[in-house]
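Worksheet: the structure to be examined is printed underneath.
Only this structure's heavy atoms are used, side chains among them; waters, hydrogens and symmetry mates stay out. Throughout, a chain's letter reflects where its sequence line sits, starting with A, and its residues are numbered from 1.
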2 protein chains.
Amino acid sequence: MMSKKCKYAIKALICLSENYQQGNMFTADIAKKGNIPKKFLEQILLDLKHAGFVGSHQGYRGGYYLIRAPKEINLAEVYRVFDGAIALVPCVSVNYYEKCEDCTDEISCTIKREFSKIKEQSRLIMKEINFKTFLE
Amino acid sequence: MMSKKCKYAIKALICLSENYQQGNMFTADIAKKGNIPKKFLEQILLDLKHAGFVGSHQGYRGGYYLIRAPKEINLAEVYRVFDGAIALVPCVSVNYYEKCEDCTDEISCTIKREFSKIKEQSRLIMKEINFKTFLE
DNA sequence: ATTAACTCTATAAAGTTTATAGAGTTAATA
DNA sequence: TATTAACTCTATAAACTTTATAGAGTTAAT
């Protein structure tokens with residue numbers, strides 16, 4: 001399962017995609033539209049900013065706006081920011097590789113072999129889905 | 001990411017698959033071979049028993065054995081026992097359906113639509129992987 | 001100067017995962 | 001039939017993660 005945080009982030013990005021190149025949006029409005037706790041959303045939008053998906057204007061009538069075109073943002077990269085690896089086991093992750101604690105021989109591990117296939121499939125399909133997709 | 005519990009279960013099932021139709025195995029031996037905390041493994045094997053994957057003999061020289069043929073046990077069903085839904089959002093799960101708390105209109109939800117595709121792909125690939133696969 | 005927005009860090013509350021403990025039951029066998 | 005070595009079951013501890021809230025600060029328009 002995906003975390004709520006990640007789902008909220010996706011919803012926020014959909015909002016901002018709908019408003020792409022039409023100025024900024026207030027956190028309060030995104031929160032209301034997406035049914036997301038406002039203070040929690042603030043953190044999430046900040047994360048999205050630090051990850052380079054959105055920009056912000058501060059001060060009176062400030063707000064958030066999408067930097068990249070909706071079509072150029074895919075689900076895989078958003079997922080990784082909030083929920084980390086797409087892989088089901090750390091040893092097959094490219095971006096978040098870690099040796100499994102219980103592993104004694106990674107080379108001959110058939111779990112690694114099979115879960116590597118799963119990861120590759122998941123990665124491909126999540127990469128195909130972009131934020132223009134969500135608007136259609 | 002998959003839980004350790006689920007990974008331990010898979011490792012235990014691989015052990016038992018290797019020993020299929022050759023009598024039972026002791027928890028202690030599976031624990032040693034798989035590098036799994038023994039007491040934790042006891043719980044897991046019990047879960048596998050209740051789920052119908054393994055059987056047990058009690059008492060002196062008792063132990064666990066695989067009931068179904070390795071080829072007839074697929075990854076999707078094992079995953080569901082320990083980590084629940086394969087789906088990334090509850091609203092697209094067949095076996096663990098739940099309405100998303102933040103959802104206002106499930107019919108027109110494009111997140112639901114896209115994540116339904118992801119789930120279907122994941123389900124298919126995890127269903128294809130069985131425990132004979134792991135032995136090869 | 002005021003207002004209304006974003007920024008940042010801390011922390012509380014709840015939930016989940018991982019693991020351990022221990023008392024019980026069962027059945028082989030000496 | 002006493003002993004032993006295995007599984008059975010429930011409780012709970014410890015660690016970690018997720019979800020959410022709080023509040024003080026900064027910024028910029030008016």
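- Between A:Arg80 and A:Glu77 no salt bridge is recorded (no basic side-chain N to carboxylate O distance below 4.0 Å).
- Look at A:Lys99 and A:Glu106 and you find no salt bridge, because none of the NZ, NE, NH1 or NH2 atoms lies under 4.0 Å from a carboxylate O.
- Think of the region where chain B sits on DNA chain D: with heavy atoms and a 4.0 Å cut, that region ends 5' and 3' at D:dT4 to D:dA11.
- Nearest-nucleotide positions on DNA chain D place A:Lys39 closer to the 5' end than the other of A:Lys39 and A:Tyr60.
- Within the nucleic acid shown, B:Gly62 comes within 4.0 Å of sugar-phosphate atoms alone, with no base atom in reach, counting heavy atoms only.
- Residue A:Lys49 is the one, among A:Lys49 and B:Lys4, whose nearest nucleotide of DNA chain C lies closer to the 5' end (criterion: closest heavy atom).
- If you check every strand for non-hydrogen atoms under 4.0 Å, A:Phe40 touches a base.
- In this structure the side chain of A:Leu75 never reaches within 4.5 angstrom of the side chain of B:Glu114, judged on heavy atoms.
- In summary, the aromatic rings of A:Tyr65 and A:His57 are positioned with their centroids under 6.0 Å apart.
- Although no hydrogens or angles enter the test, the distance criterion places a donor-acceptor pair under 3.5 Å between the side chain of A:Lys112 and the main chain of A:Cys91.
- Residue whose closest nucleotide on DNA chain D sits further toward the 5' end, between B:Gln43 and B:Met25: B:Met25.
- Comment: A:Lys39 engages A:Glu42 in a salt bridge, judged by a side-chain N to carboxylate O separation of less than 4.0 angstrom.
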Base-pair map of DNA chain D as dot-bracket, where | denotes pairing with a different strand and pairs are Watson-Crick or G-U under 3.5 Å: ||||||||||||||||||||||||||||||
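- Defined by atom type and a distance below 3.5 Å, a donor-acceptor pair is present between the side-chain atoms of B:Ser3 and B:Asp83.
- Between A:Phe134 and B:Phe115, the ring-plane angle classifies as parallel under the 30° and 60° cut-offs.
- Using a 4.0 Å heavy-atom criterion, one finds that A:Tyr8 contacts the sugar-phosphate atoms exclusively.
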